[in-house]
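Please read these numbers as outputs of a predicted model, since none were measured by experiment. Every chain is numbered from 1, with letters handed out A, B, ... down the list of sequences.
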Amino acid sequence: QELAPLNSDTEKDRVDWAQLEAKYGAFPKIPEGTRAGGVSKTLTNEYWRSLGEGYEKFGKKAGATVAYQAAQSEGDQLGQLTIAEGMVTTGFNVILVSPQTDANLQPVMEQAKEANIPVVNVNDAVVPQAEHYVGNVQRDNGVRVAKWFIDNRPEGGKVAIIEGQAGVFAAVQRTAGFKSTIGENSKFQVVASVPGNWDRQQSYDAATNILQQNPDLVGFYCNNDGMALGVIEAVKAAGLLGKVAVFGTDGISDAYKSIEAGELTGTVDSFPILTGEVAMETALRLVAGQTVARVVATPQALITKDNLAKYKGDGVDIRAVLMKDAASAQ
Amino acid sequence: MTTTARLKFEGITKTFPSVKALSDATFSIKPGEVHALLGENGAGKSTLLRILSGVSRQTSGEFYVDGKLATFKNPEDARRAGIAMIHQELQQIPNLTVAQNMFLGHPLKTAGGLLVNRREQEKRAAAALAMIDPSIDPSTPIKNLKVAQRQIVEIARALLENAKIVAMDEPTSSLTPAEFESLAVIIEKMAASGVAIIYVSHKMDEVFRICHQGTVMRDGNVVGTVDLRTAAQSDVIAMMVGRELMHEEHNSFVKEDVRVEVRGLSSAVTHVRDVSFTVRRGEVVGIAGLVGSGRTELLRLLAGVDKIGSGEISIDGRALKLTNPRSAISAGIGLLPEERKREGIIPMRPVSLNMALPSLRKFAKVGVVRHSAVNTTAETLLKRVNLRPFQIDRPIKLFSGGNQQKAIIARWLAAGSEILLFDEPTRGIDVGAKSEIYHLIENLAAEGKSVIVVSSELPEVIRLSDRVIVMRNGRIAAQLERHELTEQTIVSHAVGDAEPNTLSSTQEHTHV
Amino acid sequence: MSDIAAETPKRSSKLFSSFSLRDAGTLIGLIIIMAVFAALVPGFLFERNLINILQQSSINACIALGMTLVIISGGIDLSVGPTAAISAVLTAALLVTGVPVPVALLAGLGIGAFCGLVNGVLVAYVGLQPFIVTLGTLSTYRAIALIYTGGNPVLGVPQGFRSLFNGNVAGIPNSVIIVAVVAFAAWVLLKKTPIGEYLLAVGGNEEASYVAGVPIALTKITAYVISGVLAALASFILIGRLGAAEPILGNLWELDAIAAAAIGGASLMGGKGSIVGTILGAIILGAMRNGLTLMNVQAFYQLLATGLIILVAMMIDRATRGRG
Amino acid sequence: MSDIAAETPKRSSKLFSSFSLRDAGTLIGLIIIMAVFAALVPGFLFERNLINILQQSSINACIALGMTLVIISGGIDLSVGPTAAISAVLTAALLVTGVPVPVALLAGLGIGAFCGLVNGVLVAYVGLQPFIVTLGTLSTYRAIALIYTGGNPVLGVPQGFRSLFNGNVAGIPNSVIIVAVVAFAAWVLLKKTPIGEYLLAVGGNEEASYVAGVPIALTKITAYVISGVLAALASFILIGRLGAAEPILGNLWELDAIAAAAIGGASLMGGKGSIVGTILGAIILGAMRNGLTLMNVQAFYQLLATGLIILVAMMIDRATRGRG
Ligand SMILES: Nc1ncnc2c1ncn2[C@@H]1O[C@H](COP(=O)(O)OP(=O)(O)OP(=O)(O)O)[C@@H](O)[C@H]1O
Ligand SMILES: Nc1ncnc2c1ncn2[C@@H]1O[C@H](COP(=O)(O)OP(=O)(O)OP(=O)(O)O)[C@@H](O)[C@H]1O
Ligand SMILES: [Mg+2]
Ligand SMILES: [Mg+2]
């Protein structure tokens with residue numbers, strides 16, 4: 001029967017990543033020579049490379065061969081389609097896709113279905129027809145940062161948003177989450193919401209201009225870490241470090257370093273390696289013939305200097321930490 | 001003779017994929033000799049000079065400068081060996097000044113060789129230009145000059161080089177006899193100091209005026225070298241074209257009815273003012289005047305290229321509304337433009353399609369051009385104008401200048417134009433072809449077409465015209481009937497002898 | 001030194017016009033690339049994969065055909081991607097609201113033509129440089145598509161429309177057939193109609209064309225309008241495949257299209273270009289992508305290979321046909 | 001119809017060469033845009049904001065200067081962004097490993113020059129079309145930068161280096177001073193030296209230049225090398241500002257630079273261009289971005305405004321100086 005168009009945030013048929021084992025049992029044996037293909041948005045961002053690392057890690061553990069490819073740039077929708085189609089043609093057993101847009105990998109879904117190859121939509125844009133989705137809630141990124149401001153800046157004030165590329169799913173969702181949450185609190189005022197196009201330099205320039213007009217700004221929310229790292233330089237140059245809070249998204253290693261150094265205020269880490277592992281686990285469970293909930297939710301957390309040690313550092317087993325987080329949230 | 005030849009060609013052959021442009025050219029030139037290179041369009045004169053000046057390489061054979069084997073890899077090598085060249089086509093950079101163009105490639109330097117010494121360049125350029133036309137300002141961008149002035153710049157550039165061999169490929173094609181006189185003086189002086197000069201021109205009187213020896217070429221072969229001081233002009237021409245050329249008298253085919261009537265025509269963009277005249281069916285009207293008198297501008301007005309300010313043009317009694325060349329073409333007007341390379345040809349397209357361009361729709365059936373029809377017409381018309389080599393599919397840029405000119409004439413025959421405007425129709429055209437073109441014009445007149453011919457060559461104007469309009473300063477100075485036509489009268493009207501003191505000599509150059 | 005090189009064109013005989021020789025160069029480039037991949041990738045030459053390559057090249061080929069005509073006329077059209085996007089979201093929106101397919105199609109092609117018309121008028125009548133005009137409309141059209149949709153994709157394109165552009169006839173994808181037909185039409189236009197000759201003339205020597213009575217403005221505008229219409233058509237193929245129209249579709253299409261046209265022999269100076277060559281150029285680019293993906297080459301190295309292959313294709317071509 | 005425009009040459013006087021008239025057109029465009037923003041945005045004309053605009057325009061201006069020289073020579077350089085990226089990651093990597101600043105600087109400029117050299121050689125000696133050569137190296141150089149760094153940014157650029165490019169002298173940002181010096185040097189090069197004349201000549205009429213003995217290949221290569229070096233310099237300004245060098249930096253810089261050069265009067269047909277105009281063009285684009293951000297214009301509408309302003313700037317310019 002026709003599946004209802006997927007909304008990964010509200011889908012009822014969902015399971016939290018921490019519940020996978022509890023619900024579906026220990027990881028089953030997969031057929032000899034299983035090949036799993038990952039199709040990423042781009043490799044020019046650490047986030048997507050880490051996701052691939054997670055695929056490989058779990059694939060190795062489970063004894064599957066993993067191929068991980070990406071389009072040549074973030075806007076190369078047809079290139080990504082070509083790659084995914086190639087994977088269907090060359091007979092991968094399961095394909096994990098992170099589509100550039102809601103639609104650009106649509107044909108692959110159809111072709112794979114015909115060829116009986118399960119496809120898992122991992123993060124970011126959501127293909128409405130996707131039968132399987134693994135990932136976090138993009139909107140929630142913005143919500144978490146907005147909540148931080150509401151909790152930590154009770155007196156309110158002016159905030160600004162540096163958006164990703166116009167029209168891109170993750171950017172739209174994150175921005176919307178932040179805007180609507182902070183908008184519920186009348187003390188805050190979004191004075192600027194301008195595009196940084198995922199670009200450090202443009203974000204730097206935009207932040208400089210915003211700060212010049214609003215020296216009393218209390219904070220920036222940026223749709224990714226690269227832009228946040230540009231913004232933090234602008235804040236430093238304006239001599240406002242410590243006065244203006246700056247948040248990024250993704251949790252790339254440079255963001256952690258910056259938080260440790262007391263510059264970046266925080267980032268919403270969506271734990272790409274772990275997400276990759278969970279996605280691969282889900283994919284391989286499908287290959288083994290299991291039925292898995294349509295949506296597998298993966299963790300994210302707002303990292304600031306205060307809780308950084310918990311998530312990062314020697315001897316931290318991130319999986320265990322997040323398991324504990326998940327358990328306590330239940 | 002005991003002196004070694006300054007320049008000696010031995011068996012120079014040049015083959016292009018589809019033509020043999022030169023075969024086994026052998027002759028030599030002594031120091032101080034002014035040597036004419038004669039031949040019809042496409043005979044291979046320019047090809048030989050391009051090899052001499054290092055622009056292209058011969059397929060086989062060699063040549064010697066002062067007895068030394070010359071192996072030029074590029075124009076620079078040739079220059080270093082003391083060869084200066086004036087190219088048939090203007091080789092200039094529109095946005096640079098006259099002086100910059102004249103020193104292009106070898107600017108005078110200052111500040112330890114880092115900067116260009118503009119002042120010194122302009123000084124020397126002015127000095128060189130002054131020998132021919134002192135009115136040219138070396139600091140104006142070259143794109144602001146008229147073709148004639150640009151050609152003078154090319155000559156002056158060659159003079160700057162202090163070369164021992166100067167090759168001139170049709171240096172006077174846009175010049176009037178006045179400028180030629182200055183050039184003749186310069187050439188004599190150079191020859192006297194031992195420089196060897198190769199002179200290519202289709203203007204026979206020039207050649208006989210200044211050249212000592214002449215090598216005649218035909219279809220890439222050297223036919224022979226003659227002493228021009230003793231030879232008869234008709235013999236040389238016969239050598240060139242392979243037949244005798246008759247001196248033909250003017251034939252008149254003027255009918256009664258007025259076809260073109262121009263009343264009070266003024267240009268919106270140039271200095272052409274208040275021009276009124278008529279042209280009858282079968283009439284050939286010549287337009288004479290000094291450089292800058294507005295002849296070209298008048299034709300451009302009639303052809304719809306330039307915007308009309310005021311006045312009226314009517315054809316067969318019907319007033320025309322000319323808004324662009326297309327409207328003129330559909331009214332039956334065809335313009336052979338003055339500057340062929342810029343305004344005439346589409347370089348990469350075949351000759352046949354260059355010919356058919358304005359009349360493509362006539363060759364089309366249900367929107368599809370019938371190339372067979374184009375080719376049939378092209379074969380007929382291009383044969384009529386005697387295109388050589390007769391390869392109608394070749395890109396037009398591969399043809400010699402004269403043959404390009406013929407193709408553009410054929411263009412208007414194909415379009416069936418009734419009113420033909422010819423701006424310098426025989427520029428760069430060989431004597432044989434020239435008389436062919438004269439015939440052609442007469443034939444057109446005989447067919448009842450009306451022809452307006454602008455020419456700087458007075459004998460040509462007189463030979464062709466039933467009536468001559470003399471222009472001065474953008475206005476008509478006189479209209480002369482056939483029986484009044486002498487070079488004397490035309491010149492005196494052109495320079496305005498009647499009112500000698502009103503002449504602005506910076507705008508207008510000495511003689512017609 | 002392209003002009004000087006003209007002195008030694010290696011045209012062998014009248015039968016082989018410079019046109020087909022140039023195309024032969026491109027063909028050799030394609031064959032070499034295919035041979036290399038065939039040796040490296042098992043199954044590369046399977047019929048199924050070859051059809052894949054054609055299908056994957058079809059959108060770029062469609063865009064590149066219009067681009068070729070614009071380039072021949074001495075212009076360039078950087079706005080093809082956003083034009084496709086506008087046309088896609090409009091067509092999809094109409095289809096979703098239940099407008100009959102032919103009407104929606106016409107509307108989409110019409111808006112594509114209109115986008116091209118704006119470019120053409122700015123170039124031909126206002127007299128601005130084509131590069132900068134279409135750079136400006138590149139942003140403008142994209143913004144219009146985004147504003148019109150609020151940045152959201154238009155989902156739920158009806159099956160009737162989709163099968164029109166995404167179906168097969170005897171195993172050949174419709175998109176390939178459509179582009180083949182368009183290519184033939186473009187070839188006829190260029191080689192057999194007055195407008196084709198006008199395009200070559202205007203690109204070859206604009207002033208001389210003007211004096212010879214060629215309708216310059218009309219010719220240029222025609223080229224841009226065709227480019228806009230073909231961008232719309234390409235967007236139909238895409239939404240047929242994807243079942244959705246996105247306002248950000250068509251990103252960087254212009255570069256692929258220009259690359260295909262240039263590999264195929266179009267000169268960005270105008271006056272020169274070949275329909276057959278452009279199609280071959282698009283297939284070269286498509287085959288390359290397909291082959292690299294099948295070889296599982298990592299993204300960075302794919303990028304490297306893309307760049308190098310473009311350069312190598314041009315060099316092979318240059319070597320096979322000599323300078324000029 | 002730029003060429004036909006010659007039919008109506010509006011040469012008014014020798015004193016005003018077409019050059020400075022053209023620049024006046026660009027200046028008027030800038031003034032109008034500044035006036036509009038000044039009316040809409042309070043504080044737009046504050047000294048601090050004006051300095052901001054200059055600083056934010058400096059990187060594009062630096063790239064655009066090199067681009068102008070390349071365009072004048074009849075070429076185009078699409079690879080400036082990736083060239084900057086290679087140079088940035090190399091320089092940063094050297095600095096991070098403790099190499100002295102001057103050595104790292106030289107290495108960065110050197111690799112920029114080398115990238116330009118490769119472009120130049122492919123254009124001048126191999127005889128490929130500039131657009132397609134630099135489209136190929138655009139991918140190739142980007143891939144090299146990505147492969148070299150594994151896609152990661154190089155962090156921790158030492159303060160000594162940063163303050164060199166990101167400091168101030170008497171309130172004027174160093175980057176502005178650097179670009180001003182470069183612009184002056186470029187102006188001298190173009191207007192006063194033989195190579196400048198050669199650039200204009202080669203772009204204006206290559207055949208005539210060849211015949212006149214202009215070293216064509218050398219001239220073209222020089223333009224590309226300068227463009228590469230200036231891309232490297234621009235990348236220094238950027239990493240000075242950001243403190244990190246990313247392999248993906250410089251994305252789409254080529255379009256901004258070409259827009260600046262074109263707004264400033266460079267003709268993509270070659271042989272024409274102005275240093276002053278390019279600087280004004282870069283400032284127009286910078287002022288526009290700055291103003292739109294200050295007005296908090298939403299992303300889609302910023303895109304719209306960007307496109308429209310490019311078009312309007314060109315039209316103002318065209319109107320003020322007439323056709324041609
Ligand atoms: N690049 C080329 N490729 C092919 N053929 C060429 C090329 N250049 C010249 N030719 C041919 O070589 C022959 C000689 O041409 P050339 O220009 O030397 O003649 P010319 O004697 O100078 O004629 P004109 O008096 O018309 O200037 C012509 O048939 C011409 O078509
Ligand atoms: N509006 C004007 N007022 C005064 N002089 C002008 C004007 N426009 C053009 N001129 C001058 O008139 C001359 C143009 O006339 P042109 O030389 O074309 O006439 P011509 O008789 O055809 O000359 P040629 O022998 O070159 O064909 C140029 O010298 C130009 O400087
Ligand atoms: Mg000749
Ligand atoms: Mg004239």
B/A303, part contacting chain C, at a heavy-atom distance under 4.5 Å: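 Answer is neither: B/A303 stays 4.5 Å or more from chain C.
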
Check each atom of B/R411 against the heavy atoms of chain C and say whether the ones under 4.5 Å are side chain, backbone, both or neither.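 The side chain, not the backbone.
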
Using a 4.5 Å cut-off on heavy atoms from C-beta on, say whether the side chain of B/F390 contacts that of B/I392.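 Yes. Closest side-chain heavy atoms under 4.5 Å.
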
Side chains of C/E197 and B/V369: does their closest heavy-atom pair fall under 4.5 Å? no

Nearest 0.5 Å please: distance from the CG atom of B/L398 over to the CG atom of B/N403.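 So the CG of B/L398 and the CG of B/N403 are separated by 12.0 Å.
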
First locate atom CG of C/D77, then atom OG1 of C/T68, and finally report the distance between them rounded to the nearest 0.5 Å. 11.5 Å

Is the charged tip of B/R394 near the ring of B/F399: under 6.0 Å from the six-membered ring centre and within 45° of its axis? yes

Between B/R295 and B/E338, is there a side-chain N and carboxylate O pair less than 4.0 Å apart?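 Not counted as a salt bridge, because no side-chain N and carboxylate O are separated by less than 4.0 Å.
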
Give a yes or no on whether a salt bridge exists between B/K146 and B/E297, defined as a side-chain N under 4.0 angstrom from a carboxylate O. yes

Which residues in residues 326-336 of chain B have any heavy atom closer than 4.5 Å to a heavy atom of chain C? B/R326, B/I329, B/L335

Between B/N324, B/L357, B/N354, B/I408, which shows the greatest number of heavy-atom pairs under 4.5 Å with chain C?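 Going by pairs under 4.5 Å, I would pick B/L357.
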
Counting only heavy atoms not in B/K341 (residues, nucleotides, ligands), do more than 12 fall under 6.0 Å from its NZ?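 Correct, the count exceeds 12.
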
Go through C/A201, C/S209, C/G204, C/G271 and name the one with the most non-hydrogen pairs under 4.5 angstrom from chain B. C/A201

